[in-house]
Amino acid sequence: MSTPLAPQYDPANIEAPLYHWWMEHRLFEASGAGSERFVIMMPPPNVTANLHMGHGLNNTIQDVLVRFERMRGKDTLWLPGTDHAGIATQNVVEKLLAREGKTRFDLGREAFVERVWEYVDRTGATILDQLKAIGSSCDWSRTYFTLDEDLSRAVREVFVRLYEKGLIYRGHYLINWCPRCLTALSNEEAEKEEVDGHLWHLRYPLADGSGHITVATTRPETMLGDTAIAVHPHDERYTALLGKLVDLPLTGRQIPIIADGGIDPAFGSGAVKVTPAHDPLDFDIGKRHSLPSIDIFTPEARVSDAAPDAFRGLDRFDARKRVVQAFKDLGLLEKVENHRHAVGHCYRCETIIEPRLSDQWFVRMEPLARPALAAYRKGKLRFIPERRGDEYAQWMENIRDWCISRQLWWGHRIPVFYCEASSCGFVAASRTDLAQCPACGGTVRQDEDVLDTWFSSWLVPFSSLGWPEETADLRAYYPGNTLVTAPEILFFWVARMVMAGLEFMGEIPFDTVYLHGTVRDTQHRKMSKSLGNGIDPLEVVERYGADALRYTVVSGMAVGTDLILDPADLESSFAAGRNFANKLWNAGRFILGNLGGPVRPLAGDRPGVVRKDELSLADRWIIARCDATVIAATEAYERYRFNDAASALYHFIWSDLADWYIEQIKPRLYGDVEGGDVARAVVASTFDVALRLLHPIMPFVTESLWQRLPARPPDASISRAPWPRPDRRAPDPLALREFGLVQELVSGIRSIRADYGVQPGQPIRAVVSGMSRVASRAFKAEHVTITRLAKLSSLELGDTSGETGATAVLSDGSSALVPLGDAIDLERECERLQGEHDRLEELIENQNGKLANQQFVSRAPAAVVERERQKLSDWREQADVLRAKLGRLGCLK
RNA sequence: GGGCGAAUAGCUCAGCCGGUUCAGAGCGCCUGCCUUACACGCAGGAUGUCGGGGGUUCGAAUCCCUCUUCGCCCACCA
């Protein structure tokens, strides 16, 4: 790898081959060795999915964690997989069929399922390859699919166990129905959304002709299925009407007025039309009063034959208009009010949910939720951000039974078998397919429905490891550690995994749940296909590189915040990451080009090791800074504060290492001064550390540079390099202070140059006086550095008396004078210094006030008071120096 | 309707348990530089009554209350 490096980092030609190389060397596979493990289950993307920024965000975070822990020496398993995604996938294939003018019913169940498999096999799991493009270091050798044979076996095992335990039951209930997908949905799959609607006040004439009763409803069309009117038992307005009948308009039916405690007398008219087949509250009322229920809709939510002729076949919304019109025509429409309320929408297709009475399978959740809640309460489950735990607990506390049957064809078929013989009545859940009835020998049929997709997902932490077999993987990698996911699927998936883990493995599947934010545009709208405000991660990878994408994601999102990106301006979002990668690349190019072979070891017992007394001030400074960065970055990664890790590394690499240290060592590297070998040792070592610290965030550029460092075995990968430890030689506060003064001095002189418009190439003199001992030592030690970086013709440490020029005062009270001769603009300089002086005086005044305050001096901690005193004296010293300067320049009036 | 969170430079965000990081970063902006690692760069600079109002405190961007505005979760007022 000795080819000269290009002056510009070229991710497009570097990343893909590198990923290949990682795969070849099987660097991401869990080994089963080592004492400590780190396991992450990837939230399995839908098989049909294409990578979007949400995946980019989610998987980048997981990869950062996994790479970090892998370098810390743990046996890491990041297990990828794909989800068969029942409704979503079936919808995709049905859409394809529609183009051929066919429906799934034209094909029939078996052919249709075959068709879906064909599609899934052909398109493959594209998304998994796309995940590789962003650098995801998953253990691909263990990739699963939720419809794989072994995972399906786990699903079936779980169903049968729960069935036999009485935790799965079949019932006739009002469920959430999607009239477009033609299937039942769970409560979680019905997304509540606020909608602007109306409240229609309808008059129902009393059967005895004595008047009417008014009901208020948001869904007038359902009146066709009304079977009662309910009022609150204590509502005096209606006591006289209780038990009376009304003529239900349009239907020719008569229904009773009943009393039910569930009615709120304050809402609407206080009287409610009761439609047990189409409203959850009404369903309960119907049960309490044994009311008949009339289902007036077909599965597609068109008016069915149970309704009067005039409305049959109408879509529910057309029916609504017609019913309202009919009431108007009859003079029975009292009024219409605007009314905002929450309406359920299908989470896959946004269609408004229709509550529908049907036979479905349910899981009794309370017994599963209890231990899952207890585990959280006992502190075994940690949420990041913490407050998300409250949502988890709240959901667990109010858990409702889970409707798990779906009227789809694509999925795990419900393993329940019914005997066809009417006299037999045999029904059972079975681990194996039944050909005939074990009771009577008759033919059996299997339940037609399939299971909710999440019924396989909630098992993934163990089903993907071979359960119910007692595999080695299961023993080694269950339970896992961290789950990284979007908050949207907290209930769908996370909470249920905890329940399943406890029920079937006796242990929760992970101890930490990191819930990251959502990717949004600058108007804070969620990125989505329909809004057209998405960003294609692959386009970003192509234009800016995967590292840039990852850097942006990581640094743009703190714990508990969303990731805001501008789809209209990729440059603003991703340039910083690309520039950083390029900066690193060029720093590496420079360092590698100047090492020229093996370097002396910096520490240890090896021969040629650099002795401490060989280190210059700058060397000690960068080592101390490097060490501080090791500590800060490690802690940030551990605390999931990846943005902190990113910024600590950005600052260390760009400002400390590139802007100062590399500039500082140039004379040594070029042989202009002594100590080139020490500089090489230190720069190689600190750069190596920086690469390793940054690798979890920017794996590609760090790997490609790290492999080129001297004395690397050909097969060594940074992804397995040991995580840097804090250095014994650091911390070195004195080096930080001393070099800090050097930086102040150089910056001060540069400012003067800029202020006075000194030509960039023009060398100037500088005289520093009034130095503290620390400054004096530092300036002597870094004389060459200061001269070079401030472009001085000479740097004198001593007395500035008698000369006029521009002055910079440093924090220790030393002042640097740049004699400018005729170039000096006295008035301007006075203004400059006066401004500086006034600013200090104001600080001093405040500080005096603070320290004169008895309350402060007596109540504040002694250390705080001492610190404040020190500040005051520093400022006073600086102000004195400035005043003297002003006097000498004749600025003082 | 219940619960929770956020409001800091033009933009995106740090600022953890109250006292210096005299309020920071990146991007953007202004000035000068193609200085032999990097113009995806270097150097220098400007920018904020820390959402409004009250309070606690010797001291508040940081704690409490309140208002305003946004956001999230939950919810069978039809």
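Numbered from 1 within each chain, the chains take letters A, B, ... in sequence-line order. Excluded from the calculations below are hydrogen atoms, water molecules and symmetry mates; all remaining heavy atoms, backbone and side chain alike, are included.
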How is [X] classified with respect to the nucleic acid when contacts are heavy atoms under 4.0 Å: base, sugar-phosphate, or nothing?
X: A:Arg400; value: sugar-phosphate
X: A:Arg641; value: sugar-phosphate
X: A:His341; value: sugar-phosphate
X: A:Arg578; value: base
X: A:Asn594; value: nothing
X: A:His201; value: nothing
X: A:Ser573; value: nothing
X: A:Phe283; value: nothing
X: A:Asn398; value: nothing
X: A:Arg219; value: nothing
X: A:Lys273; value: nothing
X: A:Ala575; value: nothing
X: A:Ile263; value: base
X: A:Lys666; value: base

May I ask you to decide if [Y]'s main-chain N or O and [X]'s side chain share a donor-acceptor pair within less than 3.5 Å?
X: A:His201; Y: A:Glu334; value: no
X: A:His345; Y: A:Val343; value: yes
X: A:Glu15; Y: A:Gly545; value: no

What does B:A25 pair with, Watson-Crick or G-U, if both distances are under 3.5 Å?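 Here B:A25 is engaged in a pair, and the nucleotide opposite it is B:U12.
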Watson-Crick or G-U wobble partner for B:C34, using a 3.5 Å limit on both distances?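 B:C34 is paired with nothing.
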Distance in angstrom units between [X] [atom1] and [N] [atom2], rounded:
X: A:Ile384; N: B:C4; atom1: CD1; atom2: P; result: 21 Å
X: A:Asp547; N: B:C40; atom1: CG; atom2: C1'; result: 14 Å
X: A:Lys583; N: B:C27; atom1: NZ; atom2: P; result: 12 Å
X: A:Asp260; N: B:C77; atom1: CG; atom2: P; result: 15 Å

Would you measure the distance from the [atom1] atom in [N] across to the matching atom in [M] and give it in whole Å?
N: B:U31; M: B:G53; atom1: C1'; answer: 42 Å
N: B:G71; M: B:A61; atom1: P; answer: 28 Å
N: B:G1; M: B:C67; atom1: P; answer: 14 Å
N: B:G18; M: B:C64; atom1: C1'; answer: 13 Å
N: B:C72; M: B:C17; atom1: C1'; answer: 26 Å
N: B:C77; M: B:G2; atom1: C1'; answer: 14 Å
N: B:A6; M: B:C42; atom1: P; answer: 36 Å
N: B:G44; M: B:G55; atom1: P; answer: 44 Å

Strand contacts (RNA chain B) in residues 652-660 of chain A, 4.0 angstrom heavy-atom criterion: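 RNA chain B contact set from residues 652-660 of chain A: A:Trp654, A:Ala658, A:Asp659.
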Measuring centre to centre across the rings, with the benzene-like ring taken for any Trp, is A:Tyr392 within less than 6.0 Å of A:Phe491?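 For A:Tyr392 and A:Phe491, the ring centres are not under 6.0 Å apart.
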Checking A:Arg625 against A:Trp654: charged group under 6.0 Å from the ring centre and within 45 degrees of the axis?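 No.
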Row check, A:Tyr173 ring normal vs A:Lys287 NZ/CZ: under 6.0 Å, within 45°: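 No, A:Lys287 does not sit over the ring of A:Tyr173.
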Walk me through it: do A:Tyr376 and A:Phe383 pass the test ring pair (Phe, Tyr, Trp, His ring centres under 6.0 Å)? CA-CA 9 Å; A:Tyr376 169 68; A:Phe383 287 86; 5.6 Å; yes
